[in-house]
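Keep in mind that this is a model prediction, so the values were computed, not measured. Both counts, for ligands and for their atoms, begin at 1 and track the order of listing. Excluded from the calculations below are hydrogen atoms, water molecules and symmetry mates; all remaining heavy atoms, backbone and side chain alike, are included.
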Amino acid sequence: METERLRGDPVADEVRADVRERVGALREAGVVPTLGTVLMSDDPADRRFLELKHRACEAVGIETVDRRFDPDAPADRLYRAVEGLSADPDVHAVFVQAPLPEGVETMAVRERVAPAADVDCFHPENLDRLVAGEPRFLPATAAAVCRLLDASDVETEGADATVVGRSPVIGRPIATLLSADRSPGNATVTVCHSETTDLAEQTRRADLVVTAAGVPGLVDGSMLSRGATVVDVSANQVVADGDPTVVGDVDAASADGVAAARTPVPGGVGPVTVACLLANVALAAERHRDRDTAP
Ligand code: NAP
């Protein structure tokens, strides 16, 4: 079986084109869409991920405000930065780059992001709304998975889907959207994690496998049913033949020939996620404009 590649770039291009138009309209109305970002890490990979987002913003006309802290800095400085960006009327969206250092209470950060600016769906209120089926923002990665499936005409309605990973920002929102009464959605979803006793049994019975575990090679071809669709969300930094590179959770070589379609890593979910984040920034700025012009 020939395995189709579900490439992210064409889908990301479409999302970005729409964002560019919306940003143009906002600027004409006197609103300069602005994203505030916070980073508390000196890991070059985390810095790269954030810089990628800044460049993506610049390319569509979104301004950025950058706050960076040494990982050893007092957690209070991070909390105050998130509060400050959230309260700034010229900043419409706030994004906190993961991971956060150990001394930082993640919940304390989440609660400080203004829900109206929370473009990564990080605040507990926004997660509640997502689960309740009334999302304020769709978390960018989960939205990207859905956009890719939709653009590739992958049928999710009635499908058995297995999501590997249950983190509140990645795995759970993906499972929530895939099982929601929406399109793409209406799948019967199994969520797996590190305590799942037989992962292969859960992935093998799925029509759609979404991996977000952060473990290279966790899922190989023998763990897939013939004709399954595989979406690999993970971006694991590894060294191959002495060179740093990025791989997913799926062993691509053995998945090819078994899966009907799979996303490559890199070049699959990643670019669409960044584009979906931009779309959320545009949405936050539009809501800001509409609040200001409401009678
Ligand atoms: P995380 O917080 O570390 O969560 C990983 C999840 O995978 C946890 O639920 C964990 O289970 C589960 N897991 C770990 N080992 C497992 C195993 N052997 N079998 C089954 N489940 C296992 O990571 P995250 O923040 O959700 O990120 C997940 C991946 O997505 C990372 O590779 C990250 O780089 C990537 N990512 C990609 C994008 C994108 O746009 N493509 C965006 C953000 C992140 P427990 O809950 O039991 O620990």
Side-chain angles (χ1 to χ4, degrees), residues 6-9 11-12 15-16 37 39 41 43-53 56 95-102 104 106-107 109-110 119-122 127 130 137-149 161-177 189-204 206 209-220 223-224 230-238 244-252 262-280:
L6 306 179
R7 296 195 189 280
D9 281 336
V11 183
V15 177
R16 273 193 301 264
T37 62
L39 173 74
S41 165
D43 182 328
D46 299 335
R47 284 171 184 266
R48 249 196 331 274
F49 280 136
L50 188 63
E51 274 146 25
L52 195 81
K53 291 179 185 99
F95 175 85
V96 181
Q97 179 69 53
L100 294 169
E102 265 180 19
V104 170
T106 306
M107 191 49 88
V109 180
R110 288 170 181 244
V119 284
D120 206 26
C121 202
F122 203 47
L127 280 172
L130 178 72
F137 295 103
L138 293 181
T141 310
V145 171
C146 290
R147 291 288 300 228
L148 259 167
L149 292 172
T162 293
V163 178
V164 187
R166 60 175 167 186
S167 76
V169 276
I170 312 282
R172 274 192 196 284
I174 292 170
T176 301
L177 285 189
V189 178
T190 302
V191 179
C192 299
H193 43 77
S194 62
E195 301 296 324
T196 298
T197 46
D198 189 344
L199 183 62
E201 186 188 338
Q202 304 304 331
T203 52
R204 231 177 258 133
V209 176
V210 183
T211 59
V215 181
L218 181 66
V219 173
D220 65 24
M223 297 165 71
L224 300 170
V230 182
V231 177
D232 194 343
V233 173
S234 283
N236 307 306
Q237 314 280 327
V238 296
T245 184
V246 176
V247 298
D249 292 342
V250 176
D251 175 52
R262 71 167 178 86
T263 56
V265 180
V269 179
V272 191
T273 299
V274 177
C276 287
L277 182 71
L278 303 179
N280 279 350

(message) With nothing but distance in play, are any N or O atoms of V233 less than 3.5 Å from an N or O of ligand 1?
(response) yes

Please classify the [X] to ligand 1 contact at 4.0 Å (heavy-atom distances, strictly less than): side chain, backbone, both or neither.
X: V164; answer: side chain
X: L218; answer: side chain
X: N236; answer: side chain

Given side chains that start at C-beta, do those of [X] and [Y] come closer than 4.5 Å, heavy atoms only?
X: L39; Y: D46; answer: yes
X: V145; Y: L177; answer: no
X: V169; Y: R110; answer: yes
X: R262; Y: D232; answer: no

Going by heavy-atom distance to [atom], choose the closest among [options].
atom: atom 48 (O) of ligand 1; options: G214, S194, G270, S234; result: S194
atom: atom 25 (O) of ligand 1; options: V231, I170, V145, T263; result: I170
atom: atom 5 (C) of ligand 1; options: A140, A213, G8, S167; result: A213
atom: atom 46 (O) of ligand 1; options: R166, H193, Q97; result: R166

(message) Closer than 4.0 Å to some heavy atom of T273 - which atoms of ligand 1 meet that?
(response)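 Those qualifying, in numeric order: 39 (C), 40 (O).
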
(request) Considering only non-hydrogen protein atoms, determine which one is nearest to atom 33 (C) of ligand 1 and report residue, atom name and distance to 0.1 Å. (result) A235 N, 4.2 Å

(message) If we ignore hydrogens and angles and just use 3.5 Å, is the side chain of T203 paired with the main-chain N or O of M223 as donor and acceptor?
(response) yes

(message) Looking at D9 and G267, would you say the former's side chain and the latter's main chain have a donor-acceptor pair under 3.5 Å?
(response) no

(request) Quick one: pull up NZ in K53 and OG1 in T37 and give me the separation to the nearest 0.5 Å. (result)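 The OG1 atom of T37 is 9.0 Å from NZ of K53, to the nearest 0.5 Å.
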
